[in-house]
Amino acid sequence: MDSLSLFCTGALLAGGLYWFVCVLGPAEQKGKRAVDLSGGSISAEKVRDNYKQYWSFFRRPKEIETAEKVPDFVDTFYNLVTDIYEWGWGQSFHFSPFIPGKSHRDATRLHEEMAVDLIDVKPGERILDVGCGVGGPMRAIAAHSRAKVVGITINDYQVNRARMHNKKAGLDSLCEVVCGNFLEMPFQDNSFDGAYSIEATCHAPKLEDVYAEVFRVLKPGSLYVSYEWVTTEKYRADNPEHVEVIQGIERGDALPGLRSYSDIAEAAKKVGFEIVKEKDLAKPPSLPWWTRLKMGRIAYWRNHILVIVLAAIGIAPKGTVDVHDMLFKTADYLTRGGDSGIFSPMHMILLRKPKEAPSKS
Ligand SMILES: C=C(CC[C@@H](C)[C@H]1CC[C@H]2C3=CC[C@H]4[C@H](C)[C@@H](O)CC[C@]4(C)[C@H]3CC[C@]12C)C(C)C
Ligand SMILES: C[S@@+](CC[C@H](N)C(=O)[O-])C[C@H]1O[C@@H](n2cnc3c(N)ncnc32)[C@H](O)[C@@H]1O
């Protein structure tokens, strides 16, 4: 081979590699690169053991029912997945309906802005983000409403990521992040002008417990909106395929059991909220939220090969391959849940804490 053809082959290979690693994949701003994948707050050598521990929860369903253990198990889950989510999805860890002509990023932002528009807050007011992740929604909401947002997450790795992103976005004066359990929040009674939760309260073993905490910290008369993960009216517990899909979603997303859409308002009323509005935002005329998952399939294969290579050469923690494989399968269960209509990640409920507490007679 002469030197010219050697050069051309080399250039072609390098170009192909660059395209495979850097171009192919979801065209979103990530904040994470494949070479920076970690196990969150878990040291690299313990990632695989923690992954095994995570799975063992599902092999012993009794443990999942032990509600006190759930926040720890959810914390382990987010140590394992946070970097992969940021790398492969972006800084907002939720779904949104597909909008023709809009990027995923814009569709995501509009879904987030809708939440704060619903709770009707004014600039300068203080609102709570229940289960804030690395703060994608918090930043969009603070920028859109100019309200002061306080986010809470159980995972300290996410707290650090969120604070770093807030600073980088120049929004740290409006956005504050606290590490804590949303089942026992470190906030005073009647101290927030509004609250929202986006695809986070599904991690609570009992929805009443988190709703009761939100109720406690809200000022009387103020509003709370939540986007809930639910099984819909199409779900049949006696259909083995339905059960397989829902259990697949629960295992791959650290859920102590998905709730039926009909349980949401009940839980809210039980703790004292008034129901202002309830609507499944996934229903037509909205377009499928799972289109994005389907469109990403080629990128997931590319990511999988990349993760295997990075783990083999010691750049990514060994257990990353297992975690990625789990997410790969989860994406399929979620897509099947969406296609069949038995599952929705955006059952919206808008609630008001009454102005006056009901009399106890
Ligand atoms: C609300 C929750 C999380 C919802 C979604 C943000 C995530 C659910 C499944 C995740 C993913 C699945 C496939 C991954 C892919 C194999 C990888 O290469 C890149 C990242 C994924 C696309 C990843 C991204 C985030 C999800 C879509 C739950 C936890 C309550
Ligand atoms: C799927 S993520 C959604 C994050 C964010 N709402 C978003 O849309 O980007 C769920 C979030 O809920 C948080 N979470 C789950 N259980 C929690 C608990 N008991 N206390 C506090 N946060 C919790 C997780 O740490 C994570 O940040």
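Ligands are counted one by one from 1 in listed order, and the atoms in each one are counted from 1 as well.
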Linked, directly or transitively: Y300 and M295 (ILVMFWY side chains, under 4.5 Å):
no
Please work out, at 4.0 Å between heavy atoms, whether the side chain, the backbone, both, or neither of [X] comes within that distance of ligand 2.
X	answer
Y78	side chain
S197	neither
I154	both
H203	side chain

Nearest protein heavy atom with distance in Å, relative to [atom]:
atom	value
atom 27 (O) of ligand 2	Q158 OE1, 2.7 Å
atom 8 (O) of ligand 2	H94 CD2, 3.1 Å
atom 22 (C) of ligand 1	Y300 CE2, 3.4 Å
atom 2 (C) of ligand 1	W229 CZ2, 3.4 Å
atom 16 (N) of ligand 2	F182 CZ, 3.4 Å

Tell me if the centroids of the rings in [X] and [Y] come within less than 6.0 Å of each other.
X	Y	answer
W290	F98	no
F192	F187	yes
Y227	H111	yes

Side chain or backbone of N303 under 4.0 Å from ligand 1, or both, or neither, by non-hydrogen atoms?
side chain
Does ligand 2 have an atom under 4.0 Å from some heavy atom of C202?
no
Determine the interplanar angle of the F57 and F73 rings, folded into 0 to 90°, and report it as parallel if under 30°, tilted if 30 to 60°, perpendicular if over 60°.
tilted
Is there a protein heavy atom less than 4.0 Å away from atom 17 (C) of ligand 1?
yes
